Protein chains: 2
Amino acid sequence: MAEKQHRMTRQRQIILETVKGLKTHPTADEIFGLVRKRLPRISLGTVYRNLDILTEQGIIRKLDTAGQQKRFDGDVSPHYHVKCVKCGKIDDLYFELPQPSSEWSEKTSFQILEYNVELLGICPQCQKGPSHH
Amino acid sequence: MAEKQHRMTRQRQIILETVKGLKTHPTADEIFGLVRKRLPRISLGTVYRNLDILTEQGIIRKLDTAGQQKRFDGDVSPHYHVKCVKCGKIDDLYFELPQPSSEWSEKTSFQILEYNVELLGICPQCQKGPSHH
DNA sequence: CTCCTAATCAGGAATTATTCTTATTCGAGG
DNA sequence: CCTCGAATAAGAATAATTCCTGATTAGGAG
Ligand SMILES: [Mn+2]
Ligand SMILES: [Mn+2]
Ligand SMILES: [Zn+2]
Ligand SMILES: [Zn+2]
């Protein structure tokens, strides 16, 4: 069973560069907007397809945060995220959170594979005052 | 600024009874299917609207799990969830987690409010073998 | 009990994010 | 160069959820 070949197209290259060049955890359509400046004829479907391929390859990360729109991350090093409950902004957290204990697994009949942790908070900007629209 | 009045309609009552009567963390359309047996003329929009109202009132819980479809929980006591990556089934986990520590807030500019943990695993049924469709 | 009216309803259209389809183009190994 | 499977653009399709409209109703006032 040979692995599926992946060609490096101009589209895929620029999508990758764009995601790697951001620290903002962009949505697919934000990436689309940026890539479009360099490749005006690219389609949204191409962006989605390549984001998924790059995620499968482990070159970028697709965040499974709650919410309607998926977000992507060019930083695949292990870290957590905190989301602003007011404006939805996402920031990185490079410290350790409570490690899953075996005790957790003992309390369920499920075979545990992984743990998702998402912190919720208020970003500096939204702390200053109610967002003025 | 008077609070918005909420009437207890037959629809809302039966939706509430249905959610409270399940331990399965149903989606809106699953609830719709069940409620429909007792109220054949109810609309899906009414189910969504009432689930949101009941959630606002804190009578039920809307789970912010990753994934496309939202799920609801009639158990509002504090607990966590584990989701089967094969069939999507959700189970309850009643253990304690440490409170967000001030140490966390020092390492980010966000004001940390809370954190969600979602475990991913394989349910007993799916462990037995590949789901036979 | 009867009235009144804001809250709610049913039905269906609209929105939003994502995936799928199809005919055409292209990257890269030979 | 040639070849061919992978990839693309364009747009249709899907799926979950929200919104809109005109009709209905819960429940407090009288
Ligand atoms: Mn990140
Ligand atoms: Mn639960
Ligand atoms: Zn914010
Ligand atoms: Zn399962």
Side-chain angles (χ1 to χ4, degrees), chain A residues 1-19 25-57 59-73 83 88 90, chain B residues 1-19 25-57 59-73 83 88 90:
Chain A
M1 51 177 80
E3 306 245 340
K4 194 173 194 177
Q5 304 288 349
H6 283 293
R7 303 186 333 214
M8 182 49 71
T9 60
R10 183 158 166 68
Q11 289 87 341
R12 184 165 302 155
Q13 180 63 46
I14 291 181
I15 288 167
L16 178 56
E17 285 172 20
T18 301
V19 175
H25 309 87
T27 59
D29 70 293
E30 285 168 356
I31 295 162
F32 179 51
L34 290 168
V35 170
R36 225 176 185 179
K37 293 178 182 172
R38 297 174 63 184
L39 297 172
R41 299 186 52 78
I42 199 170
S43 71
L44 182 56
T46 296
V47 172
Y48 271 107
R49 182 167 17 80
N50 281 296
L51 288 172
D52 280 344
I53 290 170
L54 293 168
T55 299
E56 272 175 40
Q57 296 181 320
I59 302 176
I60 66 172
R61 203 172 135 190
K62 184 191 232 177
L63 304 182
D64 43 354
T65 57
Q68 49 302 331
Q69 256 179 114
K70 289 274 185 296
R71 291 183 172 273
F72 296 86
D73 194 342
K83 180 167 71 176
I90 292 182
Chain B
M1 52 177 81
E3 306 245 337
K4 195 173 195 177
Q5 304 288 348
H6 281 294
R7 302 186 334 211
M8 181 50 69
T9 61
R10 184 158 165 69
Q11 288 86 342
R12 184 164 303 155
Q13 180 64 46
I14 291 181
I15 289 168
L16 178 57
E17 286 172 20
T18 301
V19 176
H25 309 86
T27 58
D29 70 292
E30 285 168 355
I31 295 163
F32 179 51
L34 290 169
V35 169
R36 226 177 186 178
K37 293 179 183 172
R38 297 175 61 185
L39 297 172
R41 299 187 53 77
I42 200 169
S43 71
L44 182 55
T46 295
V47 172
Y48 271 108
R49 182 167 17 81
N50 280 295
L51 288 172
D52 280 344
I53 290 170
L54 293 168
T55 299
E56 272 175 39
Q57 296 180 320
I59 303 176
I60 66 172
R61 204 172 135 188
K62 183 191 234 178
L63 304 182
D64 45 351
T65 56
Q68 50 302 334
Q69 254 179 117
K70 289 273 183 298
R71 291 183 172 272
F72 296 85
D73 195 341
K83 181 168 70 176
I90 292 183

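From a predicted model like this one, the values you see are computed outputs, not experimental measurements. In what follows, chains carry the letters A, B, and so on, assigned in the order in which the sequence lines appear, proteins first and then strands, with residues in each chain numbered from 1. No hydrogens, no waters, no symmetry mates; every other heavy atom, side chains included, goes into these values.
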- Message: Return a single string for nucleotides 12-22 of chain C, one symbol per nucleotide in 5' to 3' order, where B is base contact, S is sugar-phosphate-only contact and - is none, cutoff 4.0 angstrom on heavy atoms.
- Response: -----SBB---
- Task: Check the pair Ile31(A), Leu51(A) against side-chain contact (heavy atoms from CB on, under 4.5 Å), reporting the backbone distance first and the verdict last.
- Result: CA-CA 10 Å; Ile31(A) 295 162; Leu51(A) 288 172; 3.8 Å; yes
- Could you go through the side-chain contact (heavy atoms from CB on, under 4.5 Å) check for Ile15(B) and Arg12(B) one step at a time? CA-CA 5 Å; Ile15(B) 289 168; Arg12(B) 184 164 303 155; 5.8 Å; no
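Gln11(B) places its CD atom 13 Å from the C1' atom of dA23(D), with the value rounded to the nearest Å. Atom CD in Gln13(B) sits roughly 15 Å away from atom C1' in dG27(D) (whole-Å rounding). Per the geometry, CG belonging to Leu39(B) stands 17 Å off P belonging to dT24(D), to the nearest Å. In this structure, Leu63(B) atom CG and dT17(D) atom P are separated by 12 Å, rounded to whole Å. Spacing between atom CD of Glu56(B) and atom P of dT18(D) amounts to 11 Å, rounded to whole angstrom units. Following rounding to the nearest Å, Asn50(A) (CG) and dA7(D) (P) show an atom-to-atom distance of 8 Å. The distance between atom CG of Leu51(B) and atom P of dA16(D), rounded to the nearest whole Å, is 15 Å. The distance from atom CZ of Phe32(B) to atom P of dA16(D) is 13 Å, rounded to the nearest whole Å.
Along DNA chain D, the nucleotide nearest to Val47(A) and the one nearest to Arg49(B) differ in position, and the one closer to the 5' end is contacted by Val47(A).
Arg38(A) meets the salt bridge (charged side-chain N to carboxylate O under 4.0 Å, His left out) test with Glu17(A); sequence neighbours excluded. Ser43(A) is linked by a side-chain hydrogen bond (donor to acceptor under 3.5 Å, both in side chains) to Thr46(A), counting only residues two or more places apart in sequence or in another chain. With sequence neighbours excluded, no residue satisfies salt bridge (charged side-chain N to carboxylate O under 4.0 Å, His left out) with Asp64(A). Applying the side-chain contact (heavy atoms from CB on, under 4.5 Å) test to Arg10(A) and every residue at least two apart in sequence or in another chain returns Ile14(A), Leu39(A). Taking Thr55(A) as the reference, nothing meets the side-chain hydrogen bond (donor to acceptor under 3.5 Å, both in side chains) condition, with sequence neighbours excluded. With sequence neighbours left out, the side-chain hydrogen bond (donor to acceptor under 3.5 Å, both in side chains) criterion links Thr18(B) to no other residue. With sequence neighbours left out, Arg61(B) forms a side-chain hydrogen bond (donor to acceptor under 3.5 Å, both in side chains) with no residue at all.
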Distances under 3.5 Å between protein N/O atoms and the N/O atoms of nucleotides 25-27 of chain C, please, pair by pair.
| unit_1 | atom_1 | unit_2 | atom_2 | d |
| --- | --- | --- | --- | --- |
| dC26(C) | O2 | Arg7(A) | NH1 | 3.0 |
| dC26(C) | O2 | Arg7(A) | NH2 | 3.3 |
| dG27(C) | O4' | Arg7(A) | NE | 3.1 |

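For Thr46(A) and dA9(D), the shortest distance from a side-chain N or O to OP1 or OP2 is below 4.0 Å. Between dA6(D) and His6(A), no contact under 4.0 Å exists linking OP1 or OP2 to a side-chain N or O. Phosphate proximity of dT8(D) to Arg41(A): absent, as no side-chain N or O sits under 4.0 Å from OP1 or OP2.
Asp52(A) pairs with exactly one of Lys70(A), Lys62(A), Gln57(A) by the side chain to side chain donor-acceptor pair (under 3.5 Å) rule, that one being Lys62(A).
No donor-acceptor distance shorter than 3.5 angstrom exists from the side chain of Arg71(A) to the backbone of Leu63(A), with no hydrogens or angles considered.
Note on Arg12(B): only backbone sugar-phosphate atoms sit closer than 4.0 angstrom, heavy atoms only; bases stay farther off.
Listed by first and then second residue, the side chain to side chain donor-acceptor pair (under 3.5 Å) pairs involving residues 28-37 of chain B are Thr27(B)-Asp29(B) (not counting sequence neighbours).
Where the helix from dC1(C)-dG30(D) to dG30(C)-dC1(D) starts and where it ends, the local axes point in directions that differ by 30°; five pairs per end, rounded to 10°.
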